[in-house]
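In what follows, chains are A, B, ... by sequence order, proteins preceding strands, each numbered from 1. Just so you know, these numbers come straight off a predicted model, no measurement behind them. Hydrogens, waters and symmetry mates play no part in the numbers below; they use all other heavy atoms, side chains included.
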2 protein chains.
Amino acid sequence: MKASDKVKHRTDMISSALRSAILERVLMPGMKLPEDSLGERFGVSRTLIRQSLERLAAEGLIELRRNKGAMVAKPSLEEARDLFELRTQIEDLVISRVIKNMTPDIIAELEGHLAKEVEAEHAAEPKSIRLATEFHILLAKLAGSPVLLRYVEEIGYRCGLTLSLYARPHSTDCGIAEHRQIIEALATGDEDTARKLMRHHLNAVADRALFTTDEGGPLVYLDALEPYAKKVRDGGA
Amino acid sequence: MKASDKVKHRTDMISSALRSAILERVLMPGMKLPEDSLGERFGVSRTLIRQSLERLAAEGLIELRRNKGAMVAKPSLEEARDLFELRTQIEDLVISRVIKNMTPDIIAELEGHLAKEVEAEHAAEPKSIRLATEFHILLAKLAGSPVLLRYVEEIGYRCGLTLSLYARPHSTDCGIAEHRQIIEALATGDEDTARKLMRHHLNAVADRALFTTDEGGPLVYLDALEPYAKKVRDGGA
DNA sequence: GTATAGTTGATTGCATACAATTTAGCCACC
DNA sequence: GGTGGCTAAATTGTATGCAATCAACTATAC
């Protein structure tokens with residue numbers, strides 16, 4: 001059967017768990033990620049941990065230094081700016097394509113997501129951050145290009161990481177209104193406005209961030225990983 | 001010392017060798033890549049081959065099917081179009097940034113590369129293909145953003161792969177004139193023209209391709225890899 | 001003659017063992 | 001007191017071995 005091709009490997013699960021932990025600020029930039037400890041924590045051998053780390057390194061979420069192990073990436077301010085600039089350029093294309101594919105279902109789906117964002121507006125921070133990122137990923141999905149989705153996801157995650165480095169807490173809330181505006185422009189088929197709004201939104205997100213750098217030490221504190229590891233050990237996604 | 005961080009692993013060398021082989025059409029789309037044979041050929045164990053294959057899979061140059069091994073990716077026509085569309089969008093940003101950084105040295109470097117392209121115009125095909133791709137990569141380097149470079153490289157390579165699937169031989173030559181025009185526009189600082197030319201150039205490349213699909217069988221013929229493997233075994237880059 | 005089940009061979013998935021390298025602690029020496 | 005090397009512990013780099021899975025083939029039944 002062909003569905004078996006879609007069975008997730010344990011490596012996928014571990015990568016996802018680590019990625020989530022990074023994006024939800026459980027693993028902060030600079031933290032060391034020793035293969036042994038992670039393997040123990042996830043209940044697998046170093047082989048699979050290594051694969052996961054290499055994958056995340058390819059995505060730019062962690063840094064891999066020869067013979068010195070992995071740590072959560074600490075992108076520079078300049079890199080952060082470059083990421084947002086590139087993201088803006090790419091999401092421009094997302095907007096164009098979503099407008100081309102437009103159907104009522106698409107607006108419904110976007111509004112459904114927005115509702116979730118509103119609901120979580122005053123909830124725990126990690127959740128609202130995740131939802132805000134997922135709005136952009138949903139848009140990319142609706143653009144109907146797997147290639148585009150792949151890069152929007154990756155760059156979106158990297159931007160999320162930079163925010164955990166440079167943004168101060170609670171700088172994400174105001175994004176919801178901007179998301180709503182974008183949906184409205186898309187609904188009326190006004191491509192030009194939608195693009196301008198998206199550019200403005202991304203610039204605003206970047207501007208709200210990019211302040212002080214905390215310079216937290218590179219300590220290893222993997223205990224917070226436990227809930228993520230448990231899911232993998234139990235075979236969940 | 002810090003330079004030791006830049007020492008290339010054997011995995012890097014193997015990945016590069018395989019990547020070159022794919023881009024130079026030595027490994028054609030659909031070819032199977034068994035870990036054992038590759039390991040033997042490169043003189044390393046399956047461990048390193050596996051790492052390399054996973055890396056190339058992350059770059060979209062090969063496909064990895066669960067329990068069924070790796071094969072050189074065979075992107076669909078639609079995926080090919082999406083790749084070129086995305087590439088066009090991203091290289092737009094490259095042009096902007098190169099113009100912002102403009103110095104006489106930059107023009108000189110570009111013209112130096114163009115000279116190489118002219119020289120190789122009637123040389124063996126793999127070389128001219130490689131040089132054409134490297135022109136875009138050089139531009140991305142001159143844009144001064146490592147992030148941008150990383151994605152231009154990756155997507156450029158993927159586009160190169162699609163060309164080996166869909167383009168007929170000798171469809172690359174005419175690109176040199178277009179490269180020259182782009183350089184001229186950059187030299188005069190005319191951003192708008194440069195962008196238009198780049199868009200036109202990429203569309204032309206995509207259009208020249210995207211014809212018949214040969215449907216070559218998924219045979220394994222790794223003998224052609226020998227020259228690439230030798231370099232790795234001898235420790236070269 | 002076709003179809004299904006069983007079996008064998010090849011290939012990948014994962015863990016473990018060992019080698020190479022880095023890091024940290026310690027003592028000698030300036 | 002601080003600096004330089006030396007040894008030991010920790011950590012990564014790589015190879016190998018075994019288990020699991022898949023593909024091809026044969027044999028047997030209908």
Between atom [atom1] in [X] and atom [atom2] in [N], what is the gap in whole Å?
X	N	atom1	atom2	answer
B/Arg10	C/dA19	CZ	P	15 Å
A/Met71	D/dT11	CE	P	17 Å
A/His9	D/dA20	NE2	C1'	12 Å
B/Ile49	D/dA15	CD1	P	9 Å
B/Arg66	D/dC22	CZ	C1'	11 Å
B/Lys68	C/dT12	NZ	P	12 Å
A/Asn67	D/dT14	CG	P	8 Å
B/Glu40	D/dA15	CD	C1'	15 Å

Taking atom CD as the centre, does B/Glu40 end up with more than 12 heavy-atom neighbours from other residues, nucleotides or ligands that are less than 6.0 angstrom away?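 Not buried by this count: 12 neighbours or fewer within 6.0 Å.
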Would you mind classifying the nucleic acid contact of B/Arg46 as base, sugar-phosphate or nothing, using non-hydrogen atoms under 4.0 angstrom? base
For A/Met28 and A/Val72, work out which heavy atoms get closest and say how close.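 Closest pair (atom of A/Met28, atom of A/Val72, distance): O-CB, 3.4 Å.
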For a quick test of reading the model: is some side-chain N or O of A/Thr47 closer than 4.0 Å to OP1 or OP2 of C/dC14?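 For C/dC14, OP1/OP2 do not have a side-chain N/O of A/Thr47 under 4.0 Å.
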Would you please confirm or rule out a distance under 4.0 Å between OP1 or OP2 of C/dG13 and any side-chain N or O of B/Arg50? yes
Can any side-chain N or O of A/Tyr166 pair as donor or acceptor with the backbone N or O of A/Leu77 at less than 3.5 Å?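 Yes: the side chain of A/Tyr166 pairs with the backbone of A/Leu77.
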Check A/Glu85 with B/Arg97, please: is the shortest side-chain N to carboxylate O separation under 4.0 Å?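 A/Glu85 and B/Arg97: salt-bridged.
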Please tell me which of A/Ser45 and B/Gly69 maps to the more 5' nucleotide of DNA chain C, matching each residue to the nucleotide holding its nearest heavy atom. B/Gly69
